[in-house]
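If you're wondering where the values come from, they're calculated on a predicted model, not measured in any experiment.
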Amino acid sequence: MRLRDEYPSQRGPKGGLCSIENFLIVFDGAGNGLLIELNSMTVEGYVLPKAFDGDEGFELHRINDITCKVTDDDKYAYISYEMVHSKATNPVFKFRTVIGKIKLEEFQTARIETVWASQLTGENEAGRLALLGDNNMLITFSDYSTSEQYSIGPHLAQDPSLLAGKIILINMSTKEHELYSKGHRNPQGLFVTNTGNILATEHGPRGGDELNVIVKEGNYGWPKETHGVDYESYRWKYGKVGRHDNFDQPIFAWVPSIAVSNLLQVSNFHFSWAKDILIASLKSGSLFRTRLDNGVGVEFVEQIWLGPRIRDITETEDERIILFTDDASLIFLAPAPEFISSDKRSGTISW
């Protein structure tokens, strides 16, 4: 299934998806959304970009992420999106990250209701969402510094007064926010496990993509430390190349980079994957099945090659995993009982 076949995006990739009971909600980067009933695979409703109309002077720039929530009285999709002010006086600080929500029963008729909005910032390439308890939301912000700024400072991701390079905790009732962690480059994945651990994936520079366990008031080192190197050389501007010793360390890093995207903890798929972490990737076109050792270390990482750039990932209640790709396709993964029961390998390659 391809979302853009009917609702073509003009703003490139991004977007995301989430599942709730027997429904799938998917948005492309331009703001076209579909509500899909999973049993029949029929479209039950759609949202067009005009539903995101903002204050005067602002227009929708990009959808960054989707997450779902069930309450006692309804089902909601929460949407992380970015607005741009075309006439802002500062050429950098012209973006606003917004969290909106929509009821599934009003999917086709309602406008997006604003839950929280940031002040004007630089462009946020991250914007991943994760619910933390009943009334709190985590959202990620990328560091929009240029390479010249890394050289001369100040380091935006280390500045506690800025949103850049941070994970922010938002109280959805009061609409107040606080800094949860800092020192991030571009956190492209965010997930809260069934034991309450907060996991985040993060793009490094050339090399050094990270899987982090996020702790409150943690500092993950960017740009002072990274397992990657500069794009123009084999060195890094700060600290020792290949070392990450002075700040909160990743529990795993990829060198070279795989261009990590979102992740989840498996709960409804085949029992052999139970509680494993699935990490999607862009450049490598793969899933990385990761098993954590008591939640604090990595036991193994298995690469599962699929081909396309995988932007987002969700799991359904009926034992399926759904992937959203950068060409706005949906890929459904499910256990194959007849193949598993035969206990025979097929089409394998010996090296």
Under 4.5 Å between side-chain heavy atoms, hopping through other hydrophobics if needed: is there a path connecting [X] to [Y]?
{"X": "L287", "Y": "V301", "result": "yes"}
{"X": "V70", "Y": "Y78", "result": "no"}
{"X": "M41", "Y": "Y46", "result": "yes"}
{"X": "I322", "Y": "V26", "result": "yes"}
{"X": "V115", "Y": "Y81", "result": "no"}

Using side-chain heavy atoms (C-beta onward) and a distance below 4.5 Å, is [X] in contact with [Y]?
{"X": "I321", "Y": "W273", "value": "yes"}
{"X": "L138", "Y": "L129", "value": "no"}
{"X": "Q119", "Y": "L163", "value": "yes"}
{"X": "I304", "Y": "S286", "value": "no"}
{"X": "W254", "Y": "I279", "value": "yes"}
{"X": "T140", "Y": "H184", "value": "no"}
{"X": "L60", "Y": "M83", "value": "yes"}

Worksheet entry | Aromatic ring pairing H244/H227, orientation class (parallel under 30°, perpendicular over 60°, tilted between) |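 Tilted.
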Worksheet item: Taking the side chain from K166 and the backbone from D159, do they hold a donor-acceptor pair closer than 3.5 Å?
Response: yes
Discussion item. Main chain of G204, side chain of W222: is a donor-acceptor contact present, judged purely on distance under 3.5 Å?
Written reply: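 Judged by distance alone, no pair lies under 3.5 Å.
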Worksheet item: Do the ring centers of F52 and F58 come within less than 6.0 Å of each other?
Response: no
Determine the minimum heavy-atom distance between [X] and [Y], stating which atoms define it.
{"X": "V215", "Y": "Y220", "value": "N-OH, 2.9 Å"}
{"X": "A259", "Y": "D209", "value": "N-OD2, 2.7 Å"}
{"X": "P187", "Y": "F141", "value": "CD-O, 3.7 Å"}
{"X": "G127", "Y": "S80", "value": "O-OG, 2.7 Å"}
{"X": "S284", "Y": "Q303", "value": "CB-NE2, 4.3 Å"}
{"X": "A110", "Y": "A51", "value": "O-CB, 4.3 Å"}

Show me the side-chain donor-acceptor pairs of residues 260-268 shorter than 3.5 Å, one per line, residues at least two apart or across chains.
residue : atom : partner : partner atom : Å
S261    : OG   : A280    : O            : 3.2
S261    : OG   : I310    : O            : 2.6
N262    : OD1  : L190    : N            : 3.1
N262    : ND2  : D312    : OD1          : 2.9
Q265    : OE1  : N194    : N            : 3.0
Q265    : NE2  : K275    : O            : 3.4
S267    : OG   : E315    : OE1          : 3.1
N268    : ND2  : T316    : O            : 3.2

Discussion item. If we count only N and O atoms by modelled type, under 3.5 Å, do the side chains of H203 and Q188 hold a donor and an acceptor together?
Written reply: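 Note: H203 and Q188 side chains miss the donor-acceptor criterion.
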Worksheet item: Passes side-chain contact (heavy atoms from CB on, under 4.5 Å), I139 versus N64? Steps please.
Response: CA-CA 10 Å; I139 185 169; N64 278 330; over 6 Å; no
Worksheet item: Does a side-chain N-to-carboxylate-O contact under 4.0 Å join D143 and R185?
Response: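 No salt bridge links D143 with R185.
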Worksheet item: Hey, are R235 and D230 close enough for a salt bridge, meaning a charged N less than 4.0 Å from a carboxylate O?
Response: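 D230 and R235: not salt-bridged.
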Worksheet entry | Partner set under side chain to side chain contact (heavy atoms under 4.5 Å, CB included) for E44, not counting sequence neighbours | F23, L35, E37, T42
Worksheet item: With sequence neighbours left out, what residues match P256 under side chain to side chain contact (heavy atoms under 4.5 Å, CB included)?
Response: none
Discussion item. My understanding is that only one of K14, K94, R62 makes a salt bridge (Lys or Arg N to Asp or Glu O under 4.0 Å) with E123; could you say which?
Written reply: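 Among K14, K94, R62, the one meeting salt bridge (Lys or Arg N to Asp or Glu O under 4.0 Å) with E123 is R62.
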Worksheet item: So N219 and Q158, side-chain hydrogen bond (donor to acceptor under 3.5 Å, both in side chains) or not? Walk me through it.
Response: CA-CA 8 Å; N219 186 346; Q158 294 294 326; 2.8 Å; yes
